[in-house]
Amino acid sequence: MNYWLTNVRLETGEYEKDNGTIGTKVESFHLEILNGTIQQICSATEPLPQKAEQVDMQGKLLLPAFKEMHNHLDKTYLSQPWKATIPSKNLQHRLDMEAAELSILAKTGKERAMTMIDLILRNGATHIRTHVNIDPYIGLKNLEGVLAALEHYKDVVTADIIAFPQHGLLRDDVPSLMREALRNGATMVGGLDPAGIDLTIERSLYTVMDIANEFDVDVDIHLHDGGQVGYYTVDKWIDIVEQANYKDRTAISHAFSLGDVSVGAQQKIAERLAAQQVKIMSTVPISMGRNIPPIDLLTKYGVDVHFGCDGFYDSWSPLGSGDILEKATRYAEISHKSNERALRNTLRYITNGITPLTQDGKYAWPNIGDEASFVLMNAASSAEVVARRPLERVVISKGKIIE
């Protein structure tokens, strides 16, 4: 597929306004797209080949496609009749209620996951990192549905598929089921609250690493455990990563405990996370009475932080839009980002670190040879995109325009 994406606006640098504040310089370009990659970038003032196929973007701002880095495609009620969430007494009660409906929901796994993928994709994310329940109640049924759904979108969506022991890793035959999942399509191994759910931190963490080593896959652990218990769990996990030579192959999701400790403790753990390149996947919650990880501090110390929507409209909550940009906007709001540069730099958390400009305002993206996966919006700059969250978007994945 060969065509020219015409009249797109790219961020090309910064300038100082009369009042001393920073503005973003934006200019118009044409991009030639061939076989899913950028072949040429030229000024919009230059003439194009007469017979070239053209798709006119009419001055929309071009941004890198988003990445949804923490999701649960198997849990959603999307495509099913509306129902609000049933209140729960505690976490175990919530898990018990979820378990009770698993066999019923498994029958519509592909349909529900496809509806969720379509929503996420149209909001601008072309990569989805999804956790999938692997449990003693329905075995691999959820995995089968998610794999079938992702197969339908394989030309436009890439995915990490994490075998996730939602109801506990160290129970029944779950470790063997996790291994079976990795033999049948899962691409990563997950864990869940070694203290709060598995009731034994070291054994839980070492079991996760043993499975990861056995299948040579990466790891993403859910960690809701807070305070010193959660902090110890992160610290111990870094020890295990170092022992196993698993640098740059693991992530911790949620990691609320990192927001529960002193700044000195945060700095210490940030140095360790960065040294072993352990990533943090945050869902930037504003409920549950929880602190979020110190994202700015972690970023300053070189820790890769990514955002995800988590599950939405499911047995845990009826809320959620499936728009990862909403998470960037929320984070900018709660962390008081208000100037052009601070807002613009927040985009990094939903694009796997790819931003049109460097942190100090130099041109960085796009370049010839890059994958042609974009989100285009009517906005003056990426700062406006983060601050105002335009809802009308054109999404292009590997050169394919999502209709």
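Note: hydrogens, waters and symmetry copies are ignored here, and every other heavy atom, side chains too, is used.
Counting non-hydrogen atoms of neighbouring residues, nucleotides and ligands closer than 6.0 angstrom, the CD atom of E392 reaches no more than 12 such neighbours.
Contact annotation: the side chain of L273 approaches that of L298 to within less than 4.5 Å [non-hydrogen atoms, C-beta and beyond]. L140 is listed as a side-chain neighbour of I134, based on a closest heavy-atom distance under 4.5 Å. Between F374 and I33, the closest side-chain pair of non-hydrogen atoms falls below 4.5 Å. The shortest distance between side-chain heavy atoms of T351 and F66 falls below 4.5 Å.
Aromatic ring centres of F164 and H72: separated by under 6.0 Å.
With no hydrogens or angles considered, a side-chain donor-acceptor pair links N19 and T21 at under 3.5 Å. Q40 and E32 form a side-chain donor-acceptor contact under 3.5 Å, judged by distance and modelled atom types alone. D304 and Y349 share no side-chain donor-acceptor pair at under 3.5 Å. Between T130 and N71, the side chains place no donor N or O within less than 3.5 Å of an acceptor N or O (distance only, hydrogens not considered).
Pairing each heavy atom of V284 with each of S282, the nearest pair is N-OG, 3.1 Å.
H306 pairs by the ring-ring contact (aromatic ring centres under 6.0 Å, His included) definition with nothing, not counting sequence neighbours. Residues forming a side chain to side chain contact (heavy atoms under 4.5 Å, CB included) with E326 (at least two apart in sequence, or on another chain): S321, D323, R389.
Atom CG of L61 sits about 6.0 Å away from atom CZ of R9, to the nearest 0.5 Å.
Under the side-chain hydrogen bond (donor to acceptor under 3.5 Å, both in side chains) criterion, the residue pairs touching residues 81-91 are S88-R94, with sequence neighbours excluded.
For Q266 (side chain) and L258 (main-chain N/O), a donor-acceptor pair under 3.5 Å exists by modelled atom type.
Here the rule is side chain to side chain contact (heavy atoms under 4.5 Å, CB included) with N123, and of L119, L121, I120 only L119 fits it.
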